[in-house]
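Nothing fancy with the numbering, it's 1 onward along the sequence. All values reported here derive from a predicted model rather than from experimental measurement.
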Amino acid sequence: MAQDLQDLHQKASEAMAEGEREKAIELYNKILEEAPGDEIAHGQLMDLYFDTDKFKYYLMRANYNIVNQKLEHAINDTKKALNLEPDSIDARVKLARLYRISNKNLKAIDEFNKIIELEPKYREGYLELIALYIAEDAKESAVGIARKAAEEFQGDEELKNTLAKLYFDTGAYDLALEVVTDSFLKAKILLSAGKNDEAKTVIDSISPKDKDQKAACNLLLAEYFYNKNEYDNALNVIDDYIRTMGPDAVSFQMKALCFEEKGDEFNAAVHFGYMKKAQGKNDEAIVEFNHAHSLNKKDKNVLIELANLYMGLGEKYTAMDFWSTIYELDNDIHAKEVLGEFYFAEGDYKMAEKYGKIRESREGKLAADIKDKAYSEATEEDEGLIEKIIGFFTRK
C-alpha cells in the first residue's frame with residue numbers, strides 16, 4: 001500500500017476511534033478516490049452507515065461484495081437500497097450495470113429504461129442502453145433510443161452520429177444523411193447509397209490527422225473506385241492502406257473482391273485465403289488456398305501456406321506432401337530441412353538421408369572416438385606398462 005494511502009487509513013482509523021464519524025467517512029471516501037478497490041475502506045464505510053443510513057449501508061455493502069466478486073449478493077443489496085429509495089438514479093445505475101456485467105442484458109435494459117424515464121438528462125444512460133440493444137441484436141430499439149437521445153441533447157454530435165450509424169446499419173441511408181456530421185461516416189453512407197460522386201467530394205475534403213485517418217480515407221477511396229468498376233485503381237489504393245497499417249483481413253477481403261470482379265479467380269481465392277487466415281479461421285483458409293492450388297498447381301506461396309496450415313492443424317503427413325512438392329519445384333532449402341527433420345523423427349532414415357539428414361552411426365562414432373583417443377595416447381604410453389600387461393596374459 002502506498003504511503004499516502006497508509007496515512008489516510010491511519011487518520012480514518014483515528015477519527016473512528018475518536019467518534020468523529022463524518023471525518024472518517026470523508027477520509028474513507030478519499031481513499032476510494034485513490035484506490036476504488038480498497039476492501040478495508042468499503043468495509044469501514046459499510047459499518048459507519050449501518051446504524052445511521054440504511055440506504056447508504058446497502059449501497060456500501062453492494063460495493064464491498066463487488067470488490068469481492070460476489071455479484072449476486074451485490075445485486076440483492078442494491079435492490080434493498082432501491083426499496084428504500086426507488087427514485088435513486090445512482091442505485092438504479094449500479095443495479096443496471098451489475099445486471100450487464102452479470103450477462104443479464106434484458107434486466108439491464110429494463111433498468112436503463114427506468115433511469116432515462118426518471119432522469120431524461122442522464123446522457124450516459126442512453127449510450128449504455130443503445131449498446132445493450134445492439135448486443136441483443138435489437139437495432140430498431142437501439143434506433144428509437146438514439147433518436148430520443150438526439151432530441152433530448154440537440155447539438156450533441158456524438159449522439160447524432162450514433163443515430164446516423166444505426167440508421168446506416170439498418171439501411172435507412174436517407175435518414176442517416178439527415179443527421180450525420182462525421183465526414184468519414186457520411187462518405188461511407190453515401191458510398192453505400194450509391195452516391196459515389198458525392199462521396200468522392202466528401203473524401204477529398206478530409207485532411208487526415210494521423211495514420212488511422214489516412215488509412216480510413218484509403219478504404220473509402222478504394223470502395224469508391226470499386227463502386228466505379230475501377231478495380232486497378234482500387235487495388236493501388238489498398239496497397240497504400242497496407243503500407244500505412246500493414247496487411248489485415250479488411251485489406252485482403254477488398255483485394256479478393258477486386259480480383260473477383262476482374263475475373264482473376266486464382267488471386268481472388270488466394271486473398272480470400274489470406275483473409276480467413278487473418279481472421280483465425282484456418283479451416284476455411286485451407287479451403288480457399290486449396291481452390292487456388294487447383295487453379296495453379298505450381299504457385300509456391302500457395303503451397304507454403306497449405307503446408308503450414310496443415311501442419312498447424314496437426315495433419316503433418318498432408319503437410320509433408322506439400323513440402324515435398326515445394327522441394328521438387330526448386331530444391332527449396334527450407335523445405336529440404338523440414339522434410340529431413342520429419343523423416344528422421346519418424347525413423348525413416350533412408351528418406352531422411354534423401355533430404356540431407358544423415359543418421360550418425362553410434363558404433364562408428366564410438367570407434368572414431370576410441371581411435372582418436374587410443375592412438376594419440378599410445379605414443380605416450382609407458383612401454384614398461386605394456387610389457388607387464390602382455391606378461392599378465394601370457395603367464396602360466
Side-chain angles (χ1 to χ4, degrees), residues 1-116 118-132 134-135 149 153 156 158-159 162 212:
M1 186 185 294
Q3 186 61 46
D4 290 345
L5 287 178
Q6 286 183 343
D7 291 342
L8 285 171
H9 270 288
Q10 181 65 33
K11 290 177 182 177
S13 295
E14 291 170 357
M16 285 186 70
E18 294 169 5
E20 298 181 36
R21 179 178 166 277
E22 293 302 322
K23 183 179 180 181
I25 289 172
E26 180 184 347
L27 287 166
Y28 280 122
N29 277 314
K30 192 170 182 180
I31 289 168
L32 292 177
E33 288 176 10
E34 299 293 323
D38 193 300
E39 185 178 345
I40 294 173
H42 283 296
Q44 296 288 42
L45 281 170
M46 185 173 70
D47 292 342
L48 283 163
Y49 285 120
F50 181 75
D51 292 322
T52 59
D53 191 330
K54 284 296 183 182
F55 171 75
K56 288 185 178 178
Y57 164 73
Y58 284 123
L59 287 183
M60 290 302 108
R61 197 166 79 173
N63 289 342
Y64 184 82
N65 282 318
I66 290 168
V67 169
N68 286 284
Q69 299 181 19
K70 297 178 179 179
L71 299 185
E72 285 301 322
H73 291 303
I75 287 171
N76 289 332
D77 287 331
T78 309
K79 284 180 178 179
K80 289 176 181 177
L82 280 167
N83 286 335
L84 297 170
E85 292 190 25
D87 293 342
S88 170
I89 299 300
D90 288 342
R92 289 214 173 270
V93 169
K94 184 185 293 293
L95 182 59
R97 288 174 177 168
L98 280 166
Y99 280 140
R100 189 191 66 203
I101 64 175
S102 300
N103 296 316
K104 298 177 180 180
N105 286 353
L106 296 181
K107 289 186 176 182
I109 285 170
D110 286 342
E111 287 302 322
F112 275 117
N113 272 309
K114 290 175 186 175
I115 289 163
I116 61 176
L118 287 168
E119 181 48 77
K121 293 297 182 183
Y122 184 64
R123 182 179 180 277
E124 192 62 29
Y126 293 95
L127 293 171
E128 294 196 51
L129 186 51
I130 289 166
L132 282 162
I134 292 172
F153 298 90
D156 189 314
E158 182 185 359
L159 290 174
T162 298
D212 290 334

Trainee: Looking at every heavy atom in both I115 and A96, which two are closest together, and how far apart are they?
Mentor: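 Between these two residues, the closest heavy atoms are CD1-CB, 4.2 Å.
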Trainee: Can you see which heavy atom on F55 is nearest to which on A81, and at what distance?
Mentor: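 Of all heavy-atom pairs spanning F55 and A81, the closest is CD1-O, 3.2 Å.
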Trainee: Output the distance between atom CG (N76) and atom CZ (R61), rounded to the nearest 0.5 Å.
Mentor: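 With rounding to 0.5 Å, CG (N76) is 9.0 Å from CZ (R61).
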Trainee: Once you round to the nearest 0.5 Å, how far does CG of L118 lie from CD1 of I89?
Mentor: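 These two atoms lie 4.5 Å from each other.
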Trainee: Grab the two heavy atoms, one from I31 and one from A41, that are nearest each other, plus how far apart they are.
Mentor: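 Nearest heavy atoms, I31 then A41: CG2-CB, 4.0 Å.
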Trainee: Within a reach of under 6.0 Å around CD of E26, are more than 12 heavy atoms found that belong to other residues, nucleotides or ligands?
Mentor: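 It does not: E26 CD has 12 such atoms or fewer within range.
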Trainee: Enter the distance from I66:CD1 to T78:OG1 here, rounded to the nearest 0.5 Å.
Mentor: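 The CD1 atom of I66 sits 6.0 Å away from the OG1 atom of T78.
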Trainee: So, taking the atom named OH in Y122 and the one named CZ in F112, what distance separates them when rounded to the nearest 0.5 Å?
Mentor: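 Going from OH on Y122 over to CZ on F112, the span is 6.5 Å.
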Trainee: Which pairs count as salt bridge (Lys or Arg N to Asp or Glu O under 4.0 Å) when at least one residue sits in residues 98-115, sequence neighbours excluded?
Mentor: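 Every pair satisfying salt bridge (Lys or Arg N to Asp or Glu O under 4.0 Å) with a residue in residues 98-115: E72-K104, R92-E111, R100-E128, E111-K114.
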Trainee: Are there more than 12 heavy atoms of other residues, nucleotides or ligands under 6.0 Å from atom NZ of K11?
Mentor: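 Counting other residues, nucleotides and ligands, NZ of K11 stays at 12 neighbours or fewer.
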Trainee: If I compare all heavy atoms of A12 with all of A24, which pair ends up nearest, and what's the gap?
Mentor: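 Taking A12 first and A24 second, the nearest heavy atoms are O-CB, 4.0 Å.
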Trainee: Using the rule given for side-chain contact (heavy atoms from CB on, under 4.5 Å), can you reason through H73 versus N68, listing the C-alpha separation, both sets of side-chain angles and the distance that settles it, and then say yes or no?
Mentor: CA-CA 10 Å; H73 291 303; N68 286 284; over 6 Å; no
Trainee: Does A62 offer a backbone N or O that forms a donor-acceptor pair with the side chain of H42 under 3.5 Å?
Mentor: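 No, the answer is negative, given that no donor and acceptor are paired below the 3.5 Å cut-off.
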Trainee: Taking atom OH of Y28 and atom CD1 of I40, what is their separation to the nearest 0.5 Å?
Mentor: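 The OH atom of Y28 sits 8.0 Å away from the CD1 atom of I40.
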Trainee: Quick check: closest heavy atoms across A108 and L132, and the distance to 0.1 Å?
Mentor: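 In this case the closest contact between A108 and L132 is CB-CD1, 3.8 Å.
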Trainee: Does K121 qualify as a cation-pi partner of F153, given the criterion of NZ or CZ under 6.0 Å from the six-membered ring centre and within 45 degrees of its axis?
Mentor: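 Flagged: K121 positioned over aromatic ring of F153.
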Trainee: For L159 and L127, run side-chain contact (heavy atoms from CB on, under 4.5 Å): C-alpha distance rounded to whole Å, both residues' side-chain angles, the deciding distance at 0.1 Å, then the answer.
Mentor: CA-CA 8 Å; L159 290 174; L127 293 171; 3.7 Å; yes
Trainee: For S102 and I75, which heavy atoms make the closest approach, and how far apart are they?
Mentor: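 Between these two residues, the closest heavy atoms are OG-CD1, 4.0 Å.
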Trainee: Kindly compute the distance separating OH (Y58) from CG (L84), expressed to the nearest 0.5 Å.
Mentor: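 Rounded to the nearest 0.5 Å, the OH-CG separation comes out at 7.0 Å.
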Trainee: Does a side-chain N-to-carboxylate-O contact under 4.0 Å join R97 and E124?
Mentor: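 Salt bridge flag = no for E124 with R97.
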Trainee: Show your working on side-chain contact (heavy atoms from CB on, under 4.5 Å) between L32 and L45 and close with a plain yes or no.
Mentor: CA-CA 10 Å; L32 292 177; L45 281 170; 3.5 Å; yes
Trainee: What verdict does the side-chain contact (heavy atoms from CB on, under 4.5 Å) test give for Y49 and L59, after you've listed the backbone C-alpha separation in whole Å, the side-chain angles of each residue and the deciding distance to 0.1 Å?
Mentor: CA-CA 10 Å; Y49 285 120; L59 287 183; over 6 Å; no
Trainee: Would you say the side chain of D156 lies within less than 4.5 Å of the side chain of R123, judging by non-hydrogen atoms?
Mentor: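 Yes. Closest side-chain heavy atoms under 4.5 Å.
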Trainee: Is it the case that more than 12 heavy atoms not belonging to K56 sit under 6.0 Å from its NZ atom?
Mentor: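 No, the 6.0 Å shell around NZ holds no more than 12 heavy atoms from other groups.
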